[in-house]
Amino acid sequence: MDKKKNPIIAFLLAFIPGVGLMYLGKVLRGVLFILVLMASFPVAFVGAQVLNWDGFAFITIGFAFLLYLISIVNTALVASRMLKANEASREPVVESDSGQLSTERFYTIILSMVPGLGHFQLGLMNRGVTFLATFLGVAAMILFVTAMTGRGEFMVFLIVLPVVWVYNFFDTMQLLNKKQAGEVLTDRSVLEDLEAQHEGGRKSKAFATFLSMFPGAGHLYLGYQKRGIQLMAAFLFSIYILDVLRLGIFLFLVPIIWFYSFFDGLQRATKHGKEPFEDTPIVSYLINQQKWVGIGLMLLGVYYLATNIMMPLSLPFLEKYGIDPYHVMNSFIQPGIVCLLLIGGGIKLVSGSKKAHSKEEVSE
């Protein structure tokens, strides 16, 4: 391999399928990636037309995108090995220590714009691959699931990507400062760091804060199982039920749940180890009301039975009388369910406030 090849240029060219590998001298491998990826699109289109199944196109393009991610990771690994080989065989040059440090810092900052590449620059291949694979893998999975299901609500999980990016950048800067301070860096993944902390019975407050970006995840990591499960279920169920019942006017509830969960997770992480551990659920009322929860689940099952089985079966019969069951469902039944829920919730709040007021008067 030519030692004059610039690994930074190779990293950038890696985002064009196969070009980065060809630049590094892996011509056959790069051409193979290009041909397979170019062939995947006509195969997806023709296969979907022949099989009369759009899912074939989504699956084929999903595998092509996965192969594209593999080509990027492979290019990064080859360039990293080349960089190490060049540093090992490089002849000593007359350059000040401050100049070397500033050059290394410059390249590391530039490369850390792409998760994992800054770690490659520092020689931490395992840690870099973890960040790069996590970032690209999460993006690929979210886009694939969104395309397969046809529901744009899954795009909300793309919020994980900037979180991973920020965590990667600050982790790279921390490791860079340690290296330039003369410390020896250990090439291990973030998961290995967490396992080392668990062996000592400690929990990372920084990682708990990072996980709190997803409602309930930080609580589960810190051991607040009841609180974490309720927050996670409330967040995911609210997105789902608002979409099913077409309650776009109540979408403001989703960011409220997210912000509450995030700041509650920050508070729990700050107090962890300083105060007695107490896993108090968010809604303690539901713990002793399994009967009503069960009734709610049964009603939800009846709703899905009616919309997914009974309505399609009765459609030919009702069309003879000019009745569109889907129009009736969307225009009357769903708004009626929403009205009943709002009225029932309002009655519950009013009756609860009256009971509390009467108890205060008796105590006085």
| message | Counting only heavy atoms from other residues, nucleotides and ligands, does the tally under 6.0 Å from CD1 of Ile256 exceed 12? | response | yes
| query | Is there a path from Met38 to Ile59 through hydrophobic residues (I, L, V, M, F, W, Y) whose side chains come within less than 4.5 Å of each other? | reply | no
| remark: CD1 (Ile72) and CZ (Phe33) are apart, to the nearest 0.5 Å, by 10.0 Å
| request: Look at the side chain of Asn126 and the backbone N and O of Arg188, then say whether any donor-acceptor pair between them is shorter than 3.5 Å. | output: no
| query | If you measure from CD on Gln174 to CG on Leu185, what distance do you get to the nearest 0.5 Å? | reply | 10.0 Å
| query | If you group Ile, Leu, Val, Met, Phe, Trp and Tyr by side-chain heavy-atom gaps below 4.5 Å, do Leu122 and Phe170 land in one group? | reply | yes
| task | Please step through side chain to side chain contact (heavy atoms under 4.5 Å, CB included) for the pair Asn74 and Arg29, ending with a clear verdict. | result | CA-CA 10 Å; Asn74 186 253; Arg29 194 185 306 175; 2.8 Å; yes
| query | Got a second to check how far His119's NE2 is from Met125's CE, nearest 0.5 Å? | reply | 13.5 Å
| Is there a side-chain contact between Met22 and Ile34 (heavy atoms, below 4.5 Å)? | yes
| Worked check of side chain to side chain contact (heavy atoms under 4.5 Å, CB included) between Thr75 and Tyr23 | CA-CA 10 Å; Thr75 306; Tyr23 173 78; over 6 Å; no
| task | Mind listing the closest non-hydrogen atom pair of Pro215 and Leu231 along with its distance? | result | CB-O, 4.1 Å
| query | What's the shortest heavy-atom distance between Thr134 and Thr130, and which atoms? | reply | OG1-O, 2.6 Å
| request: Group every Ile, Leu, Val, Met, Phe, Trp and Tyr by side-chain heavy-atom contacts under 4.5 Å, then state whether Tyr224 and Phe263 land in the same group. | output: yes
| field | Spacing of CG belonging to Leu67 relative to CD1 belonging to Ile61, to within rounding of 0.5 Å | value | 13.5 Å
| request: State yes or no: do Leu175 and Met173 share one hydrophobic cluster built from I, L, V, M, F, W and Y residues joined by side-chain heavy-atom distances below 4.5 Å, directly or via other members? | output: yes
| Linking I/L/V/M/F/W/Y whenever any side-chain heavy atoms sit under 4.5 Å apart, do Phe262 and Leu220 land together? | yes
| field | Arg127: which of Asn168, Asp171, Thr186, Thr172 passes side chain to side chain donor-acceptor pair (under 3.5 Å) | value | Asp171
| How close do Val114 and Phe15 get, heavy atom to heavy atom, and via which atoms? | CG1-CZ, 3.6 Å
| task | Starting at CE of Met298, measure out to CG of Leu305 and round the result to the nearest 0.5 Å. | result | 13.5 Å
| note | Here the pair of heavy atoms bringing Trp165 nearest to Ser112 is NE1-O, 4.1 Å
| said: With side chain to side chain contact (heavy atoms under 4.5 Å, CB included) as the criterion, how do Tyr167 and Phe131 come out once you've worked through the C-alpha distance, each side chain's angles and the decisive distance to 0.1 Å? | reply: CA-CA 9 Å; Tyr167 186 80; Phe131 277 106; 3.4 Å; yes
| Just wondering, do Val138 and Val164 contact through their side chains at under 4.5 Å, heavy atoms? | no
| task | Over all heavy atoms of both residues, which pair between Pro17 and Leu37 is shortest? Give the atoms and the distance, please. | result | CB-CD1, 3.2 Å
| query | Which distance, rounded to the nearest 0.5 Å, do you find between the CE of Met113 and the OG1 of Thr108? | reply | 11.0 Å
| note | Between Leu132 and Pro115 the two heavy atoms that sit nearest each other are CD1-O, 3.2 Å
| Between Ser261 and His219, is any pair of side-chain heavy atoms under 4.5 Å apart? | yes
